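The structure appears below as structure tokens.
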Amino acid sequence: MTPQESHEHSLITLTHLQNLEDYMSGLTNVCDMGAGIGLDACHLATMTDTFGRPYNFNVTAVDNSPGAIQARGRMVWNFDDAHTVQLPQKQDMIWCHDTLQYLRSPLDALFHWHSLLREDGILIVEVPYGKNFTSGVYH
């Protein structure tokens, strides 16, 4: 799957989020974990409500490699390990699309991301259908 095809898949969820105006308008700090080249992060940085008003999120794109990065809007890059990354402020939302199944310890990453969220923050994780990422999850 190409990065563009993967981004097209994530747009389904991002479009649904865009329509949750009451919730989305209360967000300031948004993080894209495992941002890859940054297509989802760029979308989040330029997201508007249904009336075309920008949400103006402060978006942090986290990935362990610069790759062929893209950037738009209010967006910064943090090249670090998703298991240990530290962010300057608590996040209102952490978005993770097509990344969790590639991490060395998905469960540890989820616990760490939870610590990066504000008390009532939201973690959204999308895993491609049919992928088995449970081999790295231990009880």
Side-chain angles (χ1 to χ4, degrees):
M1 180 180 298
T2 67
Q4 187 60 40
E5 290 170 332
S6 178
H7 177 61
E8 288 171 11
H9 173 257
S10 67
L11 283 177
I12 296 167
T13 303
L14 289 169
T15 299
H16 287 295
L17 287 175
Q18 184 174 2
N19 294 324
L20 300 174
E21 292 173 11
D22 288 344
Y23 181 78
M24 299 297 281
S25 64
L27 305 182
T28 302
N29 299 309
V30 176
C31 180
D32 181 2
M33 285 291 180
I37 64 171
L39 294 176
D40 290 351
C42 287
H43 185 86
L44 289 162
T46 59
M47 189 180 277
T48 61
D49 66 17
T50 56
F51 298 105
R53 296 176 300 222
Y55 283 117
N56 292 320
F57 301 141
N58 298 316
V59 177
T60 302
V62 175
D63 204 276
N64 62 355
S65 171
I69 64 170
Q70 299 183 18
R72 288 188 201 122
R74 298 169 63 165
M75 187 175 149
V76 297
W77 281 88
N78 186 328
F79 300 109
D80 205 342
D81 187 322
H83 295 86
T84 58
V85 64
Q86 294 299 314
L87 301 173
Q89 60 271 76
K90 291 287 188 176
Q91 299 299 295
D92 301 311
M93 181 174 79
I94 294 179
W95 167 264
C96 175
H97 172 256
D98 198 14
T99 297
L100 192 67
Q101 70 274 18
Y102 298 112
L103 298 178
R104 71 178 177 277
S105 178
L107 189 58
D108 288 342
L110 288 170
F111 278 115
H112 178 61
W113 299 346
H114 181 264
S115 75
L116 298 174
L117 285 170
R118 71 176 194 210
E119 187 173 317
D120 58 348
I122 186 171
L123 171 63
I124 301 172
V125 178
E126 286 194 342
V127 180
Y129 178 77
K131 294 282 186 179
N132 180 0
F133 70 94
T134 57
S135 62
V137 177
Y138 303 98
H139 296 282

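In this text the structure is predicted, and so the values were computed from the model without any measurement. Residue numbers start at 1 and run along the sequence shown.
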Donor-acceptor contact present, side-chain [X] to main-chain [Y], <3.5 Å:
{"X": "Gln18", "Y": "Thr50", "result": "no"}
{"X": "Gln91", "Y": "Gln89", "result": "yes"}
{"X": "Tyr55", "Y": "Leu44", "result": "no"}
{"X": "His83", "Y": "Asp108", "result": "no"}

Roughly how far, to the nearest 0.5 Å, is the [atom2] atom of [Y] from the [atom1] atom of [X]?
{"X": "Asp63", "Y": "Phe79", "atom1": "CG", "atom2": "CZ", "result": "7.5 Å"}
{"X": "Trp113", "Y": "Leu100", "atom1": "CH2", "atom2": "CG", "result": "5.0 Å"}
{"X": "Ser25", "Y": "Asn56", "atom1": "OG", "atom2": "CG", "result": "12.0 Å"}

**Request:** Check salt bridge (Lys or Arg N to Asp or Glu O under 4.0 Å) between Asp120 and all other residues, then give those that pass, not counting sequence neighbours.
**Result:**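 Expected list: Arg118.
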Test side-chain contact (heavy atoms from CB on, under 4.5 Å) applied to [X] - qualifying residues, sequence neighbours left out:
{"X": "Thr84", "answer": "Asp80, Asp81"}
{"X": "Ile122", "answer": "Tyr23, Met93, Ile124"}
{"X": "Asn58", "answer": "Thr28, Asn29, Arg74"}
{"X": "Ala61", "answer": "Ala35, Ala41, Met75, Trp77"}

Indicate the atoms forming the closest heavy-atom contact of [X] with [Y], along with that distance.
{"X": "Met47", "Y": "Met24", "answer": "SD-CE, 3.7 Å"}
{"X": "Trp95", "Y": "Leu17", "answer": "CZ3-CD1, 4.1 Å"}
{"X": "Leu87", "Y": "Cys31", "answer": "CD1-SG, 4.0 Å"}
{"X": "Ala82", "Y": "Leu103", "answer": "CB-CD2, 4.2 Å"}

**Item:** Ser65: side chain to side chain donor-acceptor pair (under 3.5 Å) partners, not counting sequence neighbours
**Value:**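 Partners of Ser65 under the side chain to side chain donor-acceptor pair (under 3.5 Å) test: none.
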**Heavy-atom side-chain contact between His97 and Leu14 under 4.5 Å** =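 When only atoms from C-beta onward are counted, Leu14 and His97 do not touch, as no gap falls below 4.5 Å.
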**Asked** Pick from Val85, Val125, Thr60, Thr99: which one makes a side chain to side chain contact (heavy atoms under 4.5 Å, CB included) with Met33?
**Response**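 That would be Val85.
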**Cluster check Phe57, Leu20: I/L/V/M/F/W/Y, side chain < 4.5 angstrom** =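 Yes, because Phe57 and Leu20 connect within a single hydrophobic cluster, where side-chain heavy atoms sit under 4.5 Å apart.
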